[in-house]
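Because only heavy atoms are used, hydrogens play no part in the values below, and waters and symmetry mates are left out as well, while side chains stay in. Here is how names work: the chains are called A, B, and so on, in the same order as the sequence lines, proteins then strands, and each is numbered from 1.
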Amino acid sequence: MTIHEKTLAMQKLPLSFYLRNDVLKIAKELLGKILVTNWNNEYTSGRIVETEAYAGETDKASHASKGRTARTDVMFKEGGRAYVYLIYGVHQMFNIVTNKEGIPDAVLIRGIEPIEGTDIMLRRTGKKKLDETLTKGPGNIGRAFGFHTSQCGLLLNSDELFIADDGFKFPKELITTSPRIGVDYAGKHAELHYRFFVKGNKYVSGKVR
DNA sequence: GAGTAGATCCTCT
DNA sequence: GAGGATCTACTCA
């Protein structure tokens, strides 16, 4: 069995996975899961090694703290959807909406270890060689996996976009938390340990704290 | 090796 | 009209 056949045979996470009300738990459980995009039959996959949780309207670091607007509307919808937005006019950021309708929880995917379709990722990013910068950091993931704001609102159980579980788990002692990156403006909320990552993994972004 | 500017556009005030 | 859940390249050392 090739790797490709294996990942095709993997279990998609059911939508019920995203509908639970504990976004921190979901963010942590996503570590080790496999993100798959399959736009126009260009199959790319990678293992998630870094996430950040954004918890509800009260979270000052979250876009949803400004209320339900045209942009944040999808965060308020039922979980299991993609929230893709443009930042700094340059980067497409991919988030997973969680929780039930009316509660704007989301998980930002910040670090991924590529598994399949690295040739496609290299073409999309314009990089020459395969190294950790390919899918390190949310902006790079957006490019490598071909995300675009037009994909905002897509359900995560389609054949174009889903997250799979192949049974792999990182050892518990390697799972670490830290404050979130790039949200210093959020005051007290910037100090919360809502970031989850795999210690020592080279696809984890940001500085070691 | 460290620090900083520029890219570039959508959303909300 | 300002600024952002970022990255890269370029400067200076």
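- The phosphate of C:dT6 (OP1 or OP2) has a side-chain N or O of A:R110 nearer than 4.0 angstrom.
- Between A:K66 and B:dT13 there is no side-chain N or O to OP1 or OP2 distance below 4.0 Å.
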message: For Watson-Crick and G-U wobble pairs within 3.5 Å on both distances, what is DNA chain B written in dot-bracket notation, | included for inter-strand pairing?
response: |||||||.||||.

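- When heavy atoms are screened at a 4.0 angstrom cut-off, A:V90 is found touching base atoms of the nucleic acid.
- For the P atom pair drawn from C:dG3 and B:dA5, the interatomic distance equals 15 Å after rounding to whole Å.
- For A:R195 and A:F197, the positive end sits near the middle of the six-membered ring, less than 6.0 Å away and at most 45° from its axis.
- For C:dA5, the OP1/OP2 oxygens have a side-chain nitrogen or oxygen of A:Y185 closer than 4.0 Å.
- For DNA chain B, none of the residues of residues 93-103 of chain A falls under the heavy-atom distance limit of 4.0 Å.
- Between A:D131 and A:K136, no side-chain nitrogen of the basic residue sits less than 4.0 Å from a carboxylate oxygen of the acidic one, so the salt-bridge criterion is not met.
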- request: Give the intermediate values and the outcome of ring-ring contact (aromatic ring centres under 6.0 Å, His included) for residues A:F168 and A:F170.
  value: CA-CA 7 Å; A:F168 177 87; A:F170 286 109; 5.0 Å; yes

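- Side chain to side chain, A:E50 and A:S205 meet the donor-acceptor criterion of an N or O pair below 3.5 Å.
- A salt bridge links A:K12 with A:D159: at least one charged nitrogen is closer than 4.0 Å to a carboxylate oxygen.
- A:S62 and A:S65 are not linked by any side-chain donor-acceptor pair at a separation below 3.5 angstrom, with hydrogens and angles left out of the test.
- Within the 4.0 Å cut-off from OP1 or OP2 of C:dG4, not a single side-chain nitrogen or oxygen of A:H63 is found.
- For the pair A:Y88 and B:dA7, the ring geometry does not qualify as stacking, because the centroid separation below 5.5 Å and plane angle under 30° are not jointly satisfied.
- Figure legend: A:R180 and A:Y54 shown as a cation-pi pair, the cationic atom lying under 6.0 angstrom from the six-membered ring centre and within 45 degrees of its axis.
- Using a 4.0 Å cut-off between charged side-chain N and carboxylate O, A:E52 and A:R110 make a salt bridge.
- DNA chain B is contacted by no residue of residues 131-156 of chain A, taking any non-hydrogen atom closer than 4.0 Å.
- Remark: A:R68 engages A:E101 in a salt bridge, criterion side-chain N to carboxylate O under 4.0 Å.
- No engagement by A:K60 is indicated, since no non-hydrogen atom pair under 4.0 Å with the nucleic acid exists.
- Taking the charged nitrogens against the carboxylate oxygens, A:E173 and A:K199 have no contact shorter than 4.0 Å, which rules out a salt bridge.
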